[in-house]
Amino acid sequence: MRYFIIILLATLSFVSKAQSVKITQSTKGEYISVEPIENKSIIKQFKIFNYKQFEDYLKTKDKSKTYVINFWATWCAPCVKELPYFEKINTDYASENVEVILVSLDFPKQIDTRLKPFLKDNKLQSEVVLLNDVDANTWIPKVNKDWSGAIPATLIYNSEKSEFYEQSFDYNDLENTLKTFLK
């Protein structure tokens with residue numbers, strides 16, 4: 001018994017050092033934030049929603065803003081290539097009431113191995129949401145009836161209009177498209 005307690009304490013000591021992160025979750029869609037405790041630097045926070053939760057979440061957003069919703073994944077090369085343009089739009093147009101939301105379609109089993117390292121390495125500042133809903137045949141046409149499901153894809157909308165784009169963007173094309181919503 002004495003050896004068991006010593007081994008247990010040693011194991012707990014080792015695990016507590018190896019697990020030096022704080023993980024935060026919530027009940028409405030999982031808020032996940034991973035924060036190393038030693039240096040207090042936040043890796044990235046994101047929410048996990050099924051489509052219904054995501055749809056409800058968007059309904060709570062500020063109606064006076066223009067939203068740029070980009071559907072992407074870490075395994076999609078054209079998606080990754082255009083992410084800096086969405087980040088720049090988020091920064092350049094924040095004062096004009098524009099908000100970018102990056103909706104990751106990464107596989108949930110790859111959160112730890114792909115998504116979290118990608119977010120950490122690329123230091124994305126836009127809001128990131130993971131859409132975890134296997135019933136794509138139901139939710140894809142709700143985003144846009146003509147969407148094939150291919151990514152990258154972008155939905156831009158405000159209180160006056162909404163447009164869907166099943167394409168890649170470069171910065172100039174994205175900016176020019178966005179400007180048509182800001183007139």
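Just so it is clear, the model here is predicted, and its values are computed rather than measured.
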Exercise. Judged by atom type as modelled, is there a donor-acceptor pair below 3.5 Å linking the side chain of Gln110 to the main-chain atoms of Leu115?
Worked result: no
For this session: Evaluate the criterion side-chain hydrogen bond (donor to acceptor under 3.5 Å, both in side chains) for residue pair Glu82 and Asn70; output intermediate values, then yes/no.
Result: CA-CA 10 Å; Glu82 71 178 6; Asn70 179 252; 3.1 Å; yes
Exercise. What about the rings of Phe71 and Trp147, do their centers lie closer together than 6.0 Å?
Worked result: yes
Exercise. Please, which pairs that meet disulfide (SG to SG under 2.5 Å) have at least one residue in residues 72-152, sequence neighbours excluded?
Worked result: Cys76-Cys79
For this session: For the residue pair Leu155 and Asn144, establish whether any side-chain heavy-atom pair is separated by less than 4.5 Å.
Result: no
Problem set entry | Between Glu175 and Tyr93: side-chain donor-acceptor atoms closer than 3.5 Å | yes
Problem set entry | Point-to-point distance, once rounded to the nearest 0.5 Å, from OH of Tyr165 to CG of Asp173 | 11.0 Å
Exercise. Quick one: are the ring centres of Phe118 and Trp72 less than 6.0 Å apart?
Worked result: yes
Exercise. NZ of Lys161: more than 12 outside heavy atoms within 6.0 angstrom?
Worked result: yes
Problem set entry | Closest contact, heavy atoms only, Gln125 versus Lys123 | NE2-O, 3.1 Å
Exercise. Any side-chain donor paired with an acceptor under 3.5 Å for Gln53 and Asp133?
Worked result: no
Exercise. Just wondering, more than 12 heavy atoms not from Lys109 lying within 6.0 Å of its NZ?
Worked result: no
For this session: Side-chain contact test, heavy atoms from C-beta onward, threshold under 4.5 Å: evaluate it for Thr154 versus Phe164 and give yes or no.
Result: no
Exercise. Centroid-to-centroid, Tyr67 to Tyr157, below 6.0 Å?
Worked result: yes
Exercise. Does one side chain, of Asp92 or Tyr171, offer a donor that lies under 3.5 Å from an acceptor on the other?
Worked result: yes
Exercise. Got a salt bridge between Lys61 and Glu127, using NZ or NE/NH1/NH2 to carboxylate O under 4.0 Å?
Worked result: yes
For this session: Using distance alone, with no hydrogens and no angle criterion, decide if Glu166 and Ser148 have a side-chain donor and acceptor under 3.5 Å apart.
Result: yes
Exercise. Does Tyr85 reach the side chain of Val100, with side-chain heavy atoms less than 4.5 Å apart?
Worked result: no
Seminar exercise, completed: d(Asp135 CG, Asn137 CG) to nearest 0.5 Å is 6.5 Å
Exercise. Considering only heavy atoms from C-beta outward, does the side chain of Val80 approach that of Asn122 to under 4.5 Å?
Worked result: no
Problem set entry | Thr180 side chain to Asn176 backbone, donor-acceptor under 3.5 Å | no
Exercise. Short question: side chain of Glu99, backbone of Val68 - any donor-acceptor pair under 3.5 Å?
Worked result: no
Problem set entry | Worked verdict on Val143 versus Tyr51 for side chain to side chain contact (heavy atoms under 4.5 Å, CB included) | CA-CA 10 Å; Val143 174; Tyr51 184 76; 3.7 Å; yes
Exercise. Quick one: are Asn50 and Asn132 in side-chain contact, heavy atoms under 4.5 Å?
Worked result: no
For this session: With rounding to the nearest 0.5 Å, note down the distance linking CH2 in Trp139 to NZ in Lys52.
Result: 16.0 Å
Problem set entry | Note, Val98 side chain near Asn90 side chain (heavy atom, < 4.5 Å) | no
Problem set entry | Leu83 CG to Leu124 CG distance, which is reported to the nearest 0.5 Å | 6.0 Å
Problem set entry | Side-chain touch Thr91/Glu87, heavy atoms, less than 4.5 angstrom | no
Exercise. CZ/Phe107 to CG/Leu130 distance, rounded to the nearest 0.5 angstrom?
Worked result: 11.0 Å
Problem set entry | Distance (rounded to the nearest 0.5 Å) between Leu182 CG and Ile156 CD1 | 9.0 Å
Problem set entry | Lys65 side chain near Asn158 side chain, heavy-atom distance below 4.5 Å | no
